[in-house]
Each structure stands twice: as structure tokens, then as C-alpha cells.
Protein chains: 2
Amino acid sequence: MVRADAQRNINAIATAAVDCLSRDPDASVADIAKAAGVGRVTLYGHFPSRADLVDAAFARAIEDGDALLGAVDLDGDPRAALTRLVDASWELVNRFRSLLLAAQHTLPPGRIQALHEGPADRMRRLLERGRAEGVFRTDLPTSWLISTMQHVMHGAADEINAGRLDARDAARYISTTVLAALTPPAV
Amino acid sequence: MVRADAQRNINAIATAAVDCLSRDPDASVADIAKAAGVGRVTLYGHFPSRADLVDAAFARAIEDGDALLGAVDLDGDPRAALTRLVDASWELVNRFRSLLLAAQHTLPPGRIQALHEGPADRMRRLLERGRAEGVFRTDLPTSWLISTMQHVMHGAADEINAGRLDARDAARYISTTVLAALTPPAV
DNA sequence: TCTTTGTTGAACACCGCTGTACGAGTTACT
DNA sequence: AGTAACTCGTACAGCGGTGTTCAACAAAGA
């Protein structure tokens with residue numbers, strides 16, 4: 001029988017993990033336990049290793065983020081819809097940038113990709129609709145276009161972090177750039 | 001008096017550092033010393049700390065790379081010139097991707113940017129010429145466009161590393177995408 | 001109430017890394 | 001040939017992290 005008490009702690013730990021790792025990708029297990037208001041040993045009782053903890057945190061961030069993305073209206077003009085989706089995605093990428101770093105050198109290769117399947121699918125569907133309507137280019141693979149968008153956002157986060165970009169400009173720059181990259185080349 | 005012997009070792013160490021860190025961003029000082037065919041103590045004799053070593057390796061990579069970039073013909077049609085420059089840059093970014101990672105969490109903030117000044121300037125000049133000729137867009141800051149190019153390349157390297165992108169396609173995808181991002185929006 | 005499930009801090013072993021010290025040996029330069 | 005510069009291996013201290021053990025204690029749930 002799983003005690004309600006324990007369940008609450010598991011939850012608090014996962015929340016704290018998302019929080020800490022979003023601030024410092026190298027946050028230690030001790031830091032996270034303290035932030036969760038829990039002993040380090042208790043934490044190990046629920047998450048056998050640091051990797052399990054990072055995995056849980058990342059999965060939770062994706063899940064929560066995907067829920068937000070689900071509220072975005074993807075109907076109507078594909079270009080406008082894409083702008084909306086990119087804006088919402090950017091918000092998330094920016095928030096969880098540091099957590100992604102942690103995941104990148106903790107989780108086994110492919111795991112991150114696997115967890116991203118939900119959000120990526122949403123983007124892919126929109127992209128393909130736009131292509132079918134002749135609004136988006138078809139001379140590059142969908143997967144490349146998606147990863148490009150991701151990396152432009154990721155890059156913007158870097159620039160903000162380095163103080164070379166004003167956070168208020170980012171959303172506009174990103175959607176403008178991404179739209180241009182998706183536009184079919186003039187013949 | 002600096003002995004020729006020592007100078008040769010310093011060189012071998014720097015070379016080995018570039019080499020090792022380009023393969024594994026977390027390569028230890030011991031690894032690098034071994035690769036240089038030198039005792040760990042000898043290494044510390046020339047580079048007081050790991051950070052100094054990473055700095056030297058990164059600076060050398062930039063210097064060597066910038067020399068290659070200097071050979072690229074930047075005259076004529078800006079779009080063609082940019083394609084040539086991006087292709088050459090991509091080669092370098094791809095090769096030193098891992099070294100950049102090492103630099104990122106070893107060197108003080110701003111140091112990487114400072115070392116990139118040479119290459120960035122070359123790109124900036126070309127970009128501005130293209131803008132003056134009406135070939136490149138002017139509704140986004142030059143700095144943003146440059147960083148976008150960098151991040152698209154960086155992202156491509158990631159994709160290759162993850163096995164989701166064929167290295168042979170990369171150059172074409174990148175220059176196509178980058179050119180599209182630089183094209184002035186249709187009115 | 002009473003048993004099962006959780007929690008706790010302190011202590012410990014372990015790991016790999018960085019950086020230092022030492023003493024003996026080797027090599028370049030004059 | 002002689003001196004200063006350099007190199008070597010080994011050994012050590014320190015650090016910060018991970019993961020485990022233990023023994024005492026607290027609380028949920030039937």
C-alpha cells in the first residue's frame with residue numbers, strides 16, 4: 001500500500017527537481033532534497049539514482065508543457081497558427097532551458113527525443129497542413145524544419161542568458177525568423 | 001630562457017587538448033597529458049589550471065579556423081558569398097562542437113564571445129554589404145541574424161550526433177535554411 | 001491500538017577529479 | 001663540461017559529488 005504521505009513527498013520532490021534543475025543544471029541531489037523539504041535519504045527511497053530523478057523532472061516538464069501547448073488554436077491560416085504555436089513553445093523552451101541541459105548529459109541518448117514526441121507531433125501536423133496548402137516549403141524534410149525551429153529557440157535562450165538579447169524582443173525575432181525559414185523559396 | 005624542448009611540449013599539449021576536448025568535452029587533464037605524450041605534472045608546469053588549458057585549446061581552434069575562413073572568397077553576389085562562408089563555417093562548427101561545450105562550462109562568461117570576434121566580424125561585414133545591396137533583410141538586427149546562423153549550425157551538429165541527420169545533407173540544409181532566413185520578407 | 005510504511009540525520013565508503021610536493025633523472029643551451 | 005631548464009612517476013591532500021547503512025523515531029491506516 002502506498003501511503004498518501006509518501007505520494008505527496010514524491011510529488012514535492014519532482015516539483016523541486018524541476019525547479020532546481022531549471023535554475024542550475026548541475027544541482028545536486030542534496031540541493032533538490034532540501035528544496036523539497038525532505039531528507040536526502042527519503043529522496044533516494046523514491047528515486048534510486050540521480051538519473052531517475054532527472055528523468056522524472058524532465059518528463060513532468062514535458063507533460064505540463066504539452067498541456068499548455070494543447071490549448072493553442074492551430075486552425076486557420078497556417079502562418080498565423082504557427083506563430084501562435086512558436087510563441088507558446090518559446091515560453092516553455094526559455095523556462096526549461098537549463099533543465100534540458102541537465103537531461104542532455106544525464107539521460108541516455110534518445111530518451112529526450114522520445115519524451116518530446118508529443119509536442120513534436122503537434123508541430124509536425126501543423127507543418128504538414130501548411131505544406132499541403134502551399135504555404136510552407138517542401139524542399140526540406142519536416143524533421144529538419146522542426147529541429148531548426150527548436151534550435152533557433154534554444155539559441156535565443158542562450159543569447160538572453162549571455163545578456164546579448166533583450167528577452168522582450170525574443171518572441172518577435174524568433175517567429176519572424178522561423179516563418180522566413182519556412183517560406184517556399186521564390187522561383 | 002625558454003628551451004625549444006619546452007616549447008615543443010607546450011605545443012603538443014595544446015594540440016592534444018584541442019583533440020581530446022573535440023571528442024569529449026569532459027576530458028580530464030590526465031587524458032590530455034597522456035594524449036600529448038607528457039606527464040601530468042609537466043602539463044601543470046605550463047598550464048596552471050584546467051581552465052587555462054581549455055582557454056588555450058579554444059583560442060587555438062579559433063585561430064586556426066579563422067585562418068581557413070580567411071581563404072574564402074567574399075566578393076561577388078552576397079548570397080553566393082554567404083553560402084561559401086556558411087559552408088566553411090559549418091565545417092569548423094561541426095569539428096569543434098564538443099570543444100565549444102567544454103569552453104562553455106569552463107571559461108568565464110564573455111570569453112567565448114571575445115574570442116569569436118574575428119570570425120563574427122567577417123560575417124558581419126558580408127551581411128552588411130548584402131543589406132546595403134538590398135539582398136538581405138534589414139528588419140532584424142545583424143547580431144540576431146549572426147547568432148541565428150551560429151545556432152542553426154550548432155543544432156545541425158546536434159542532430160548529426162544524435163543520428164537523426166545524415167552528415168552529407170547538413171551543409172545543403174544549413175545554407176538553404178540560412179539564406180531563407182536572411183531573405184527580405186515579401187511585401 | 002498496533003503494525004506497516006515512511007522519514008530522519010549522521011556516518012561511511014567510494015569515486016574521479018584537481019592541484020601540489022618531492023626527489024631523481026634527463027636534456028638543451030653556452 | 002657545467003648549469004639551468006625541464007621532465008618524470010609516485011604519492012599525497014582536498015574537494016564535492018553519489019549511493020548505502022543504521023538505529024531511532026513518526027505517522028498513516030486497518
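Sequence lines set the chain letters: A, B, ... in the order given, protein chains first and strands last, and positions in each chain run from 1.
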query: With the sugar-phosphate defined as primed atoms, P, OP1 and OP2, and the base as all remaining atoms, what B/S/- string results for nucleotides 16-21 of chain C, 5' to 3', for protein heavy atoms under 4.0 Å?
result: -SBBBB
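A salt bridge (Lys or Arg N to Asp or Glu O under 4.0 Å) check over residues 133-162 of chain B, counting only residues at least two apart or in different chains, returns the pairs B:Arg97-B:Asp158, B:Arg129-B:Glu133, B:Arg137-B:Asp139, B:Glu159-B:Arg164.
Counting to the nearest Å, the P atom of D:dT18 and the CZ atom of A:Phe47 are 15 Å from each other. Atom CZ of A:Arg8 and atom P of D:dA28 are 7 Å apart (whole Å). Distance A:Ile10 CD1 to C:dT5 C1': 12 Å, rounded to the nearest Å. We find that CG of A:Leu43 is positioned 15 Å from P of C:dG6, with the value rounded to whole Å. Nucleotide C:dG6 holds its P atom 15 Å from the CG atom of A:Asn11, rounded to whole Å.
Contact between the side-chain N/O atoms of B:Thr42 and the OP1/OP2 oxygens of D:dC8 is found at a separation under 4.0 Å. Using a 4.0 Å cut-off, some side-chain N or O of B:His46 falls inside it from OP1 or OP2 of D:dT7. Taking only side-chain nitrogens and oxygens, B:Asn9 comes nearer than 4.0 Å to OP1 or OP2 of D:dT7.
The main-chain N or O of B:Glu63 is never found under 3.5 Å from a side-chain atom of B:Asp66 such that the two would form a donor-acceptor pair.
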Please enumerate all protein N or O atoms sitting under 3.5 Å from an N or O of nucleotides 3-5 of chain D, with distances to 0.1 Å.
from	atom 1	to	atom 2	distance (Å)
D:dA5	N3	B:Arg3	NH1	2.4

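Closest of all the heavy-atom pairs between A:Ser22 and A:Ser98 is O-CB, 3.2 Å.
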